[in-house]
Amino acid sequence: MRKFILAAAAAAIIGVPAASMAKPMVMKFSFVTSMSTPKGKAAAVFKSEAEKLLPGKVKIELFPNSELFNDKKALTALALGDVQFIAPSMSKLGKYTNKLGVFDLPFMFKDMNAVSRFEDGPTGRKLLHSMENRGYLGLAYWHNGMTNLSANKPLLLPSDAKGLKFRVQSSDIIASTFEQIGANAQKLPFSEVYQALQVGTVNAQGNTWSNIYTKKFYEVQTDFTVSNGRIVDYVVLVNASWWKGLPADIRAGLAKAMAIATKVNNENADKLNAEAMKKVAAAPHVTIHHLTEAQHAAWVKAMHPVWTKFEKRIGKDVIDAAVKANAGGTH
Ligand code: LMR
């Protein structure tokens, strides 16, 4: 303390404001994917922009690959203040809000533009606040991409999936989607998927190309289907009272850095997934299957009853808004 007062006095004499001598606020950002995924790259942009906009005031530490927490633990850690930024896939948030379950519905969005329209529209904006009563505030949505299925046999029709054990994210909606077609669903954290596929605890999965490639799922699966069955997108979450209690200049700088990172992410995610798909396809033992229109329609039809099953839980208004966004509107 005495040292600080002396240093501050010395700084005042030579004209350096005492505040600039303060140590930067250290903020941890934890996520489960690698640095070379859309989320990892976006987190790196957020860090560099935030540290550029708030020089000496903030230091953002990145923890990829579930190094610090898996998604479930990260949510508890955020509430406790042990981490300041997390970006879980929305499929992990069913315990905190039912509304974001709209993102888990099979074949909800036809492409990434439809996802953007929904997220940027009034309903999407409102949903960023859907966990505020639980202490979490959504700052932004970050895209990853659409899921594609894999197994050690071709999955061309829903009946091909019968009896398989699919690893699913911790979402009742996603589990129900696979049960609907006669498959088994096993909820597992992302960090455990590779090993579970390797030892056969599960023998099928669905994820984005960037996740499949960076976590090497293609090493332990032979057949991949371009199914585009579901969106994997993220919400960047902070502890609402921590965020509101930040000094205004810091909050504004972080919000600006987040807007820049979000824009970069959402412009690059498609490209990263396309590149990852090519790399998966290049593995000698891998076959990539493209569905015919009739095969695609069969998956949509077989999985669709899940929409009715979860309509009440998610909210018809939310599903209707997503349907309208899909058709070209922003609702
Ligand atoms: C998963 O668990 O498969 C994904 O949610 C991981 C991620 O963050 O993309």
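All values derive from a computational prediction rather than experimental measurement. Atom set for the values below is all heavy atoms of this structure, side chains included, hydrogens, waters and symmetry mates excluded.
- The minimum heavy-atom distance between Ala140 and Thr262, with the atom names listed, is CB-OG1, 3.4 Å.
- Between Lys244 and Glu132 a salt bridge is recorded (basic side-chain N to carboxylate O distance below 4.0 Å).
- Under the side-chain contact (heavy atoms from CB on, under 4.5 Å) test applied with Arg230, the options Gln169, Met108, Met146 reduce to a single match, Gln169.
- Just one of Phe63, Trp242, Phe31 meets the ring-ring contact (aromatic ring centres under 6.0 Å, His included) condition when paired with Phe85; it is Trp242.
- For His304 and Trp307, the ring centers are positioned less than 6.0 Å apart.
- Checked against Phe103 for a side-chain contact (heavy atoms from CB on, under 4.5 Å), the options Leu93, Ile231, Val232, Ile173 give a single hit: Ile231.
- Judged by distance alone, with hydrogens and angles left aside, the side-chain atoms of Asn211 form no donor-acceptor pair with the main-chain N or O of Asn207 at under 3.5 Å.
- Shown here for Lys39 and Asn265, the closest heavy-atom pair between the two residues is N-OD1, 4.0 Å.
- Seen from the ring of Tyr194, Lys215 does not count as a face-on cation partner, given the 6.0 Å and 45° thresholds.
- Leu237 approaches Pro88 most closely through the heavy-atom pair CD1-CG, 4.1 Å.
- Between Lys28 and Asp82, none of the side-chain N atoms (NZ, or NE/NH1/NH2) sits under 4.0 Å from a carboxylate O, so this pair counts as no salt bridge.
- Atom CG of Asn228 is separated from atom NE2 of His296 by 7.5 Å, given to the nearest 0.5 angstrom.
- Of all non-hydrogen atoms in Tyr136 and Ala79, the two that sit nearest each other are OH-CB, 3.8 Å.
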Show your reasoning for whether ring-ring contact (aromatic ring centres under 6.0 Å, His included) applies to Phe109 and Phe118. CA-CA 9 Å; Phe109 296 102; Phe118 176 67; 5.7 Å; yes

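- Applying the side-chain hydrogen bond (donor to acceptor under 3.5 Å, both in side chains) test to Glu51 and every residue at least two apart in sequence or in another chain returns Lys47.
- Other residues, nucleotides and ligands contribute at most 12 non-hydrogen atoms within 6.0 Å of the CD atom of Gln195.
- Atom NZ of Lys256 sits in a sparse spot, with 12 or fewer heavy atoms from other residues, nucleotides or ligands closer than 6.0 Å.
- Summarising the geometry of Thr292 relative to Gln295, their closest heavy-atom pair is N-OE1, 2.8 Å, with the distance given to 0.1 Å.
- Distance check, rounded to the nearest 0.5 Å: CD of Glu179 to CE of Met303 gives 11.5 Å.
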Show your reasoning for whether side chain to side chain donor-acceptor pair (under 3.5 Å) applies to Ser34 and Asn65. CA-CA 5 Å; Ser34 85; Asn65 294 316; 4.8 Å; no

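- Considering CG of Asn148 and CG of Leu155, their distance stands at 11.5 Å, rounded to 0.5 Å.
- Applying the salt bridge (charged side-chain N to carboxylate O under 4.0 Å, His left out) rule to Lys187 yields the partners Asp172; only residues at least two apart in sequence or on another chain are considered.
- Side-chain N or O atoms of Arg313 include none that pairs as donor or acceptor with a backbone N or O of Asn98 at under 3.5 Å.
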Going through the checks in order, is the salt bridge (Lys or Arg N to Asp or Glu O under 4.0 Å) test met by Glu311 and Lys309? CA-CA 6 Å; Glu311 181 182 279; Lys309 189 167 168 199; over 6 Å; no

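- Distance check, rounded to the nearest 0.5 Å: CD1 of Ile314 to CG of Leu100 gives 9.5 Å.
- Centroid-to-centroid, the aromatic rings of Tyr141 and Tyr234 stay 6.0 Å apart or farther.
- The pair Lys279-Glu275 does not meet the salt-bridge criterion, since no charged nitrogen lies less than 4.0 angstrom from a carboxylate oxygen.
- Here the side chain of Arg251 pairs a donor or acceptor atom with the backbone of Trp243 at under 3.5 angstrom.
- When side chains are defined from C-beta on, Thr123 does not count as touching Asp317, because their heavy atoms never get closer than 4.5 Å.
- Distance check, rounded to the nearest 0.5 Å: CG of Asn203 to CD of Gln221 gives 7.5 Å.
- There is a side-chain donor-acceptor pair under 3.5 Å between Asn144 and Asn273.
- Contact check for Ile60 versus Phe46: side-chain heavy atoms found under the 4.5 Å cut-off.
- Counting only distance, with no hydrogens or angles, the side chain of Ser116 and the backbone of Met112 share a donor-acceptor pair below 3.5 Å.
- Proximity of a side-chain donor or acceptor of Lys165 to a complementary backbone N or O of Gln205 within less than 3.5 Å is not detected.
- Within the 3.5 Å criterion, the main-chain N or O of Val202 finds no donor-acceptor partner in the side chain of Arg167.
- Distance CD/Gln198 to CZ/Phe217: 12.0 Å, rounded to 0.5 Å.
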Intermediate values then yes/no, side chain to side chain donor-acceptor pair (under 3.5 Å), Ser241 and Asn239: CA-CA 6 Å; Ser241 36; Asn239 179 316; 3.2 Å; yes

Intermediate values then yes/no, side chain to side chain donor-acceptor pair (under 3.5 Å), Ser227 and Thr225: CA-CA 5 Å; Ser227 48; Thr225 301; over 6 Å; no

What do the steps show when you test Ser91 against Asp104 for side chain to side chain donor-acceptor pair (under 3.5 Å), and what is the final call? CA-CA 6 Å; Ser91 58; Asp104 290 350; 4.5 Å; no

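- Comment: Arg125 engages Asp120 in a salt bridge, judged by a side-chain N to carboxylate O separation of less than 4.0 angstrom.
- Other residues, nucleotides and ligands contribute over 12 non-hydrogen atoms within 6.0 Å of the NZ atom of Lys110.
- In terms of heavy atoms, Gln186 sits closest to Thr201 at OE1-O, 4.5 Å.
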